[in-house]
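Worth saying up front: this structure is predicted, and the values here are computed from it rather than measured. Reminder, nothing fancy here: chain letters follow the sequence lines and each chain counts from 1. Values below: every heavy atom of this structure, side chains too, minus hydrogens, waters and symmetry copies.
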Amino acid sequence: MGRGSRPLIFSREKLHASISDLSWGPSDPALPGIFRLSLRAEGDLIREVSIETGYLHKGLEKSFERRNWFTSMLIADRVDAETAYSAELAYSMAVEEVCGIAVPRRAQVIRLILCELGRVGSHLGFLARLALATGFETVSHYILRERELVLDLLELMTGRRFNPNFFRFGGVSADITEGFIERIHEATRLIEIRLREYHALMIENRAFVDRLAWQGVLSADAVQLRGLTGPSARASGVRFDVRKAEPYSGYDQLDFRVPIGSGARGTTGDGFDRVIIRLEEIRESLLLLSHAVDSVPPGEFIGKFPTPDFTVPAGEAYSRVEAPRGLLSCHVVSDGGFHPLRVQWRTPSLVNIEIIPEVLKGVTIQDVPVVLATFDLSIAEVDR
Amino acid sequence: MQLPLKKLLELFGEAAQLGEFGALRIDLLNVDVSRLIEAAAWLRMEESFRMDFLENASVFEKDGKLLFTYFIRSFSKPHRLVLRSSVPAPVGNEWVDFPSLVRIWPQAEAFESEMEILFGVRFADRPPNRQHLKNFGKFDGFPLRKSFEWGEGVDL
């Protein structure tokens with residue numbers, strides 16, 4: 001871990017540097033959210049790390065128990081703004097399993113389209129944040145321009161840019177908006193062109209590569225031991241993607257690739273691989289979107305609209321989806337009443353953040369924000 | 001029974017019972033709390049299972065019990081299983097003692113640390129985690145218990 005096998009050049013000052021303790025955060029723009037990093041450094045090399053989260057804990061799981069089933073979908077959005085569609089899908093799938101509700105094929109494809117748009121938006125957000133962390137501010141603005149395009153599409157379809165509250169038990173709340181499919185085609189073509197520009201600006205830029213290659217190396221064994229999932233795990237060569245392992249919502253009807261890290265510039269599982277993987281995943285999502293919008297079947301977008309007195313029979317279910325940051329799962333328990341008895345969430349960042357103290361050892365202080373950015377952690381997911 | 005769990009059921013006798021979880025009828029293994037670690041270690045190490053991925057761990061309170069549910073699977077084999085154990089639900093703000101599974105599945109760390117604060121579960125033999133601390137808000141008691149009252153001054 002740390003810097004992998006890349007040779008370190010120590011200056012005399014570093015070799016004889018004193019030990020210093022640093023407290024970083026909880027509120028600092030260089031960190032990916034509100035949490036505290038406590039570092040022990042020898043010179044500028046980090047030797048020990050501890051993290052402290054919980055500063056913005058939302059008490060989300062308790063909030064579900066205080067809502068009725070009908071309005072609880074609102075809370076699912078709050079798992080994380082960029083993961084809202086995946087969270088709504090996971091929650092819907094679990095409730096539908098307990099109730100035995102069948103989802104029309106058209107609604108499944110609409111859900112899939114929204115989740116993939118959400119993934120593109122989330123990964124573009126990741127690239128923009130990473131560009132800022134590495135000092136590529138202009139590139140960050142370019143990327144945010146394309147992310148706006150994705151948010152516009154989501155708004156066109158759901159009426160909201162964030163917190164959509166769009167899925168319903170048994171389908172979605174509205175059919176495809178007029179002009180949406182044409183605009184998806186335009187957007188996917190445009191973003192594909194822009195990706196080539198980002199490639200030239202970032203991936204082919206030595207200054208960018210030098211900040212990321214060999215940084216924060218994470219082995220496949222460490223990924224499996226700690227249970228990391230999502231692009232950060234796939235960058236280390238672990239080919240696990242719920243969309244392939246246990247397809248849902250029609251993913252088995254579409255052809256797509258699951259890219260894994262190969263040490264494109266440094267070594268497998270370094271910061272650079274985590275960027276490359278997300279770029280490739282955007283391309284795959286664009287292809288998925290193009291195919292999905294062309295194959296939306298005719299029919300209903302919802303079986304039967306749930307009413308405010310909607311109840312779920314006693315029982316439980318566990319659903320899992322591939323959210324932009326990794327495995328998102330939801331355990332729903334009902335006692336037959338108007339409120340959920342328990343809704344528990346396993347979010348990708350909740351587990352992925354556990355590796356941070358180990359992966360930062362051996363990293364220099366100046367590289368901490370960059371290495372953290374490559375993991376695309378969401379503190380909202382941790383403090384859910 | 002979708003998984004070859006016969007050997008485990010023979011080994012554990014009445015301490016382990018097989019059921020089904022959810023409409024998908026996933027194998028659900030109910031294990032007595034006194035033998036939970038033993039059963040978890042067997043599932044983790046047994047060559048034909050290699051349940052090395054603790055995907056999720058959840059706890060909920062129902063019918064006077066705290067039910068601990070572990071969603072486990074194998075990285076190398078197409079196996080998945082739900083492992084469950086329970087203890088009587090505590091009265092008031094008493095702590096509940098329960099075995100820790102961190103030494104068997106390090107992935108349990110993220111879930112157990114939350115259960116400790118939000119459900120008031122004291123995990124026995126859990127290695128102290130000095131690398132990840134939780135600084136939750138101000139509240140008396142354990143917010144995810146059914147007896148918790150969400151009143152004025154709760155900052156969660």
Study note, to complete from the structure: Turns out that what part of Ser38(A) lies under 4.5 Å from chain B's heavy atoms comes down to neither
Practice item. Could you check Thr71(A) against Asn68(A) for side chain to side chain donor-acceptor pair (under 3.5 Å), going step by step and ending with a plain yes or no? Key: CA-CA 6 Å; Thr71(A) 59; Asn68(A) 61 33; 2.9 Å; yes
Practice item. Below 4.5 Å from any heavy atom of chain B, which atoms of Phe240(A) appear? Answer side chain, backbone, both or neither. Key: side chain
Check your understanding: Have Asp221(A) and Ser219(A) got a donor and an acceptor in their side chains that come within less than 3.5 Å?
Key -> no
**Study point:** Which atoms of Arg36(A) approach chain B - backbone, side chain, both or neither, heavy atom under 4.5 Å
**Key:** neither
Exercise for review: Give, as side chain, backbone, both or neither, the part of Ile51(A) having an atom under 4.5 angstrom from any heavy atom of chain B.
Suggested key: both
Check your understanding: Does the pair Lys146(B)/Glu65(A) count as a salt bridge with the N-to-O cut at 4.0 Å?
Key -> yes
Revision key, fill the gap. Okay, Ala57(B) and chain A: the region with an atom under 4.5 Å from a heavy atom over there is backbone
Check your understanding: Checking heavy atoms, do the side chain of Arg73(B), its backbone, both or neither come under 4.5 Å from chain A?
Key -> side chain
Practice item. Answer with side chain, backbone, both or neither: which region of Phe53(B) has an atom nearer than 4.5 Å to a non-hydrogen atom of chain A? Key: side chain
Check your understanding: Okay, side chain of Thr347(A), backbone of Glu381(A): is any donor-acceptor separation there less than 3.5 Å?
Key -> yes
Review point. Side chain, backbone, both or neither: which part of Glu96(A) has an atom under 4.5 Å from a heavy atom of chain B?
Key: neither
Study note, to complete from the structure: Looking only at Tyr55(A), Tyr318(A), Phe35(A), most heavy-atom pairs under 4.5 Å shared with chain B are made by Tyr318(A)
**Study point:** Leu18(B) and Leu5(B): CA distance, side-chain angles, deciding distance, side chain to side chain contact (heavy atoms under 4.5 Å, CB included) verdict
**Key:** CA-CA 9 Å; Leu18(B) 199 61; Leu5(B) 286 160; 3.4 Å; yes
Review point. What do the steps show when you test Phe375(A) against Ile355(A) for side chain to side chain contact (heavy atoms under 4.5 Å, CB included), and what is the final call?
Key: CA-CA 10 Å; Phe375(A) 279 91; Ile355(A) 201 74; 4.0 Å; yes
Review point. Most heavy-atom pairs under 4.5 angstrom with chain A, which of Glu109(B), Lys62(B), Glu61(B), Gln107(B)?
Key: Gln107(B)
**Study point:** Per-residue contact mode, Arg239(A) against chain B (heavy atom under 4.5 angstrom)
**Key:** neither
Practice item. Please determine, among Leu341(A), Asp335(A), Val351(A), the option with the most heavy-atom pairs under 4.5 Å with chain B. Key: Leu341(A)
Practice item. Using only heavy-atom distances, determine whether the side chains of Ser319(A) and Glu97(A) contain a donor-acceptor pair under 3.5 Å. Key: no
Check your understanding: Is there side-chain contact between His331(A) and Phe60(B), with heavy atoms separated by less than 4.5 Å?
Key -> yes
Review point. Looking just at side-chain N and O atoms, do Asn352(A) and Ser232(A) make a donor-acceptor pair shorter than 3.5 Å?
Key: no
**Study point:** Ile356(A), part contacting chain B, at a heavy-atom distance under 4.5 Å
**Key:** neither
Review point. Does any heavy atom of chain B fall under 4.5 Å from the side chain of Val49(A), the backbone, both, or neither of them?
Key: backbone
Point to revise | Verdict with reasoning, Arg80(B) to Phe71(B), per side chain to side chain contact (heavy atoms under 4.5 Å, CB included) | key: CA-CA 8 Å; Arg80(B) 62 186 292 200; Phe71(B) 299 91; 5.8 Å; no
Check your understanding: So what's closer than 4.5 Å to chain B heavy atoms on Glu48(A): side chain, backbone, both or neither?
Key -> neither
